[in-house]
Structures are given as C-alpha cells and as structure tokens.
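Residues: numbered from 1 along the sequence shown. Every number for a ligand or one of its atoms is a count from 1 in the order of the listing.
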Amino acid sequence: MSMLKETLAAKIPAMREEIRTLIKKHGDKVISQVTVAQAYGGMRGIKCMVCDTSLVEPDKGLIIRGHPIIELTRRLPEEIFFLLCTGELPDDAALAALQKSLRDRAEVPSYVWDVLRDMPDDSHPMDMLDMAILALERESVFARRYREGMRKEEYWEPALEDSLRLIAKLPALAAGVYRIRFNKGELLAPKPDLDWAAGYATMLGVPDPDGEFADLMRLYLVLHCDHEGGNVSANTCHIVASSLADPFYAVSAGLSGLAGPLHGLANQECLRFVLSIKDKFGGVPSAEQLADHCKQRLAGGQVIPGYGHAVLRVTDPRFVAFHNFGSKVCADDPVFQIVDLCYKVVPEVLKAQGKAKNPYPNVDGGSGALLYHFGINEFSYYTVLSAVSRSLGMLSQLILNRAMGTPITRPKSVSTEWIKEAVTV
Ligand code: NMX
Ligand code: MLT
C-alpha cells in the first residue's frame with residue numbers, strides 16, 4: 001500500500017484528539033447565526049460544517065491546505081490528492097508509491113463496459129459516468145467490511161481503499177464514456193508509464209503531437225479538484241456518505257449534483273453561449289455588440305454562464321489559470337478570443353444590471369474554449385472532465401470524515417408557519 005495510508009495513519013490519532021479537545025473545551029461557543037433570509041436563501045454564508053481539505057476565500061479563491069491554487073498549477077493531480085488528504089505534498093517516493101497504487105487498481109471490470117454500451121445512444125455523458133460508478137459499487141470494500149462488522153475506528157481504511165480503486169479507474173471510465181458515447185471507435189488501452197492525467201489524455205484519443213493536450217488535462221484535473229465543503233457536489237457527497245453509504249454511492253450522488261447547470265454543467269453551457277456568439281456575429285464581435293447581446297440575454301431572464309459565484313467576489317483564480325494557458329497555446333483561436341472579450345465585457349454588463357453579487361468569471365468561464373481548441377467539440381462531455389477531478393476532493397473529504405468519526409448529517413428544518421411565529425415574538 002502507498003505511503004499515503006501510512007502518512008494518514010500517523011496523523012489521524014492527533015487529528016482525532018485535537019477535535020475531541022476542541023468540542024470538549026469549546027463545544028458551546030457560537031460560530032455563526034442563521035437569518036430568515038439565509039434559511040430561505042440556500043444557507044449562503046452560514047458556517048455550520050467543517051472541511052479541512054481546502055478553503056474558498058471570497059477575495060482570494062481556492063486555497064488547498066494553505067497553498068493558493070495558482071501556486072499549484074504545475075503539480076500533478078495525484079500530488080494534489082495526497083495534499084488534500086494529508087496536508088502535505090508527497091515527496092518523490094510517496095508520489096511514485098501513490099501512482100503505483102493507482103496503476104495496480106486501474107483495470108475496469110468488463111461488466112461496466114456492458115452497462116455503458118447498453119445505454120441509449122443519446123444518454124448524457126454524465127449519466128454514463130454516474131451509471132458506471134454505481135455499477136462498480138459491488139466492488140466496495142467499505143460495504144463488505146461494514147457487513148462483516150468492522151470497528152468504527154477502522155472506517156477510514158476501506159474508505160481509502162475504495163477511493164483509490166475509484167480514482168484509479170476514473171480515467172479509463174471517463175475516456176470510455178467519451179469513446180462509446182461519441183462513436184470514437186475501440187477503447188484505447190491505458191499506458192502504464194504515464195501519470196494519471198496524461199493516461200486519461202491518451203485514452204481519450206485526442207491527437208497530441210507536442211504534449212500540450214496532456215498539459216491541459218493535468219491543469220484541468222488540478223484546478224477542479226476541490227472547492228471546500230459547501231458546494232453542491234461536495235456537500236451532497238458528504239451527506240450521503242454520512243449515512244455510511246460507501247464511496248461509490250456517495251461520489252455518484254455528488255456527481256449528480258455536479259450535473260446541474262448552475263454547478264458543473266455550466267462549462268458546457270458556457271461554451272454553447274460562446275459558440276452561439278461566434279455563429280451570430282460570424283466570428284468575434286465588437287465589445288459593443290457583445291455587451292448588447294449579453295444585455296438581451298439577461299433581459300430574457302437567462303444567466304450568463306461562467307460568471308458569478310456563491311462565495312467568490314473576485315475573478316476566480318482557476319479562470320485566471322485557464323486564461324493564462326489559453327493565452328499561451330491558442331491566442332489566435334476565435335473561440336478563445338470571444339472568451340477573452342467576455343472577460344472584458346461581461347463584468348461591466350452584470351455590474352450595470354446590479355443583481356449578481358459577483359460579476360466576475362468563475363472556473364467554467366473559459367475552460368471549454370481550450371477543450372474545443374484541442375478538438376473535443378462534444379461539449380456535453382465537459383462536465384465529465386470536471387467530475388474526474390472533483391472526485392479527488394469529494395473522496396479526500398470522505399476519507400477524513402470517516403477517520404474523524406463524523407456522524408450522520410441531520411440538520412433541523414422548520415416550516416414557514418414556524419418562521420412566521422418566530423419572527424413575530
Ligand atoms: N448571470 C445573470 N444573473 C446572475 C448571474 C449570472 N452569471 N449570477 C448571478 N445572477 C443573478 C442570480 O440569478 C440572482 O438573480 P435573482 O435574484 O433573480 O434570483 C442574483 O443575481 C443574485 O445571485 P447571487 O447571489 O449573485 O448568486 P448565487 O449565489 O445565488 O448563485 C451562481 C451563484 C454561480 C449559481 C450564479 O452566479 C449563476 O447562476 N451563475 C451562472 C452559472 C454558472 O456559471 N455556474 C457555475 C458556477 C461554478 N461551478 O463550478 O459550480
Ligand atoms: C465549485 O468549484 O464547486 C464551484 O465554484 C461552486 C462553489 O464553490 O459553490
């Protein structure tokens with residue numbers, strides 16, 4: 001087993017003790033309060049859950065274990081998974097051990113391919129990925145060990161094993177979804193000598209003579225990995241796993257949340273929006289034309305995909321990282337140029353409308369243009385790429401929650417009648 005397990009095993013007793021002491025000494029201290037508007041408004045801003053893997057600062061963006069995301073863009077996703085789980089970046093030996101653990105678990109059972117091939121031709125790629133993960137649930141070591149009667153302190157170990165099994169298979173599963181759904185021919189064999197993201201790039205079958213597509217995949221899988229605990233997918237995964245449903249069930253549930261257009265599906269919607277602009281104006285419009293187009297869209301009651309955020313109040317650093325990549329590899333591509341023009345125009349349009357609390361681009365504002373540049377023009381596939389990455393965050397949060405003995409989630413709901421009475425006393 002990898003040094004990841006040993007590192008976690010060494011840290012978990014102190015982490016448990018720290019939390020036990022905190023609750024014992026300060027369990028009755030208030031850290032947040034809830035207003036009526038928050039109870040009706042998506043619980044925005046209420047501090048009522050703990051996530052140690054990462055933090056989203058409204059004015060800074062994603063910070064993973066103390067590292068701003070923009071400083072991690074040259075790392076491999078496997079390194080980020082180690083960091084999310086343990087708070088440390090792996091050294092060369094720990095990275096190699098983790099990569100070997102993934103390679104050893106990468107084979108996808110043939111029944112999963114049968115399930116995917118039997119699905120209707122027009123299935124959304126996210127349906128297919130979800131279905132594949134659910135089909136794999138029968139492989140869960142956590143579920144088996146639970147049935148056999150494992151001790152609570154041991155929960156994190158099979159949770160880690162299931163997580164490694166799932167992460168190991170995700171590149172092949174996701175690439176298989178692409179090739180089956182879009183009739184790309186035979187499945188391509190994984191190359192064992194490649195890192196996780198480059199292996200995925202190869203299995204997709206995208207021509208990549210100079211390795212730029214593999215670089216994009218590494219960046220993509222790092223940037224989408226985690227966004228603290230309250231976003232829809234992480235929160236959903238957390239709640240489902242709190243019932244001790246195993247990691248396959250929990251990740252599949254989280255990814256169903258990611259498939260919503262206000263969350264992970266925004267990247268497909270965003271490219272659809274950018275391409276519709278290209279079609280309408282026969283290329284890159286003027287700034288004035290683009291502003292008018294956006295105003296019309298807002299007047300029609302539609303959102304501008306790829307802009308706004310529930311927590312961030314600045315340009316998402318993940319957008320900046322994608323934009324920097326695009327400026328290097330495809331500055332002349334008109335699709336990227338429209339993304340670039342949106343970056344200059346849309347914030348002013350949203351500010352003038354005065355509704356969105358954050359008028360700046362989020363992670364999905366530009367990534368689709370880069371995938372399109374490399375020939376992945378089936379944009380219903382884009383959320384699958386985010387899903388592969390986001391599984392790293394969901395699973396690291398899950399492993400830590402099982403290690404800390406986090407109980408089943410069960411907040412109290414109240415009725416509108418109850419609120420009316422509460423506010424009139
Ligand atoms: N375009 C138009 N209107 C917007 C936008 C936008 N991009 N963002 C927010 N608003 C509106 C929002 O619909 C709401 O309107 P109303 O009062 O009529 O309901 C108002 O502004 C206030 O919303 P906020 O409090 O600023 O945003 P909220 O926290 O509720 O939602 C998002 C956050 C991300 C769901 C929202 O900004 C949005 O719908 N953005 C477009 C979709 C998108 O890009 N989602 C991807 C997010 C990133 N991800 O990976 O998940
Ligand atoms: C995310 O990456 O999950 C999104 O930015 C949404 C969020 O954080 O709420």
Under 4.0 Å from [atom], is there at least one protein heavy atom?
atom	result
atom 23 (O) of ligand 1	no
atom 10 (N) of ligand 1	yes
atom 32 (C) of ligand 1	no
atom 41 (C) of ligand 1	yes
atom 1 (N) of ligand 1	yes

Please work out which of the three classes, parallel, tilted or perpendicular, describes the rings of Y343 and F319, given edges at 30° and 60°.
perpendicular

Does the T73 side chain pair with the main chain of I69, one donor and one acceptor, at a distance under 3.5 Å?
no

Any donor and acceptor pair, going by atom type alone, linking the side chain of T236 with main-chain N or O of G254 inside 3.5 Å?
no

Cut-off 3.5 Å, no hydrogens considered: what does the side-chain donor-acceptor table look like for residues 296-306, sequence neighbours left out?
{"residue": "R297", "atom": "NE", "partner": "V303", "partner atom": "O", "Å": "2.6"}
{"residue": "R297", "atom": "NH2", "partner": "V303", "partner atom": "O", "Å": "2.9"}

Tell me the protein heavy atom at minimum distance from [atom], and give that distance in Å.
atom	value
atom 36 (C) of ligand 1	Y307 O, 4.4 Å
atom 17 (O) of ligand 1	K355 CE, 3.9 Å
atom 44 (O) of ligand 1	G306 N, 2.7 Å
atom 28 (P) of ligand 1	R44 NH2, 3.6 Å
atom 5 (O) of ligand 2	H309 NE2, 2.6 Å
atom 9 (O) of ligand 2	N231 CB, 3.4 Å
atom 3 (O) of ligand 2	R390 NH1, 2.9 Å

Does either side chain, that of [X] or that of [Y], offer a donor lying less than 3.5 Å from an acceptor on the other one?
X	Y	result
S386	N267	yes
D316	H309	no
Q38	T35	yes
T416	Y40	yes

With heavy atoms under 4.0 Å as the rule, classify the contact between V363 and ligand 1 as side chain, backbone, both or neither.
side chain

Sub-4.0 Å heavy-atom contact, H227 with ligand 1:
no

Mark the output for L350 as yes if a heavy-atom distance to ligand 1 is under 4.0 Å, and as no if none is.
yes

Any ion pair linking E88 and R65 (charged N to carboxylate O, less than 4.0 Å)?
no

Should E378 and K184 count as an ion pair when the cut-off is N to O under 4.0 Å?
yes

Pair up each side-chain donor or acceptor in residues 41-55 with any protein partner under 3.5 Å, not counting sequence neighbours, and list the distances.
{"residue": "R44", "atom": "NH1", "partner": "G42", "partner atom": "O", "Å": "3.1"}
{"residue": "T53", "atom": "OG1", "partner": "D226", "partner atom": "OD2", "Å": "2.6"}
{"residue": "S54", "atom": "OG", "partner": "D226", "partner atom": "OD2", "Å": "2.7"}
{"residue": "S54", "atom": "OG", "partner": "E228", "partner atom": "N", "Å": "2.9"}

Consider ligand 2: state whether an atom of it lies below 4.0 angstrom from any non-hydrogen atom of H224.
no

Measure from [atom] to every heavy atom in [options] and give the option owning the shortest one.
atom	options	result
atom 43 (C) of ligand 1	A266, P361, G308	A266
atom 8 (O) of ligand 2	H227, E228, R44	H227
atom 35 (C) of ligand 1	L262, L258, V311	L262

Starting from the C-alpha separation in whole Å, work towards a yes-or-no answer on salt bridge (Lys or Arg N to Asp or Glu O under 4.0 Å) for D195 and R218.
CA-CA 9 Å; D195 59 81; R218 292 187 188 100; 2.9 Å; yes

So for ligand 2, is D316 a polar contact partner (N or O within less than 3.5 Å, distance only)?
no

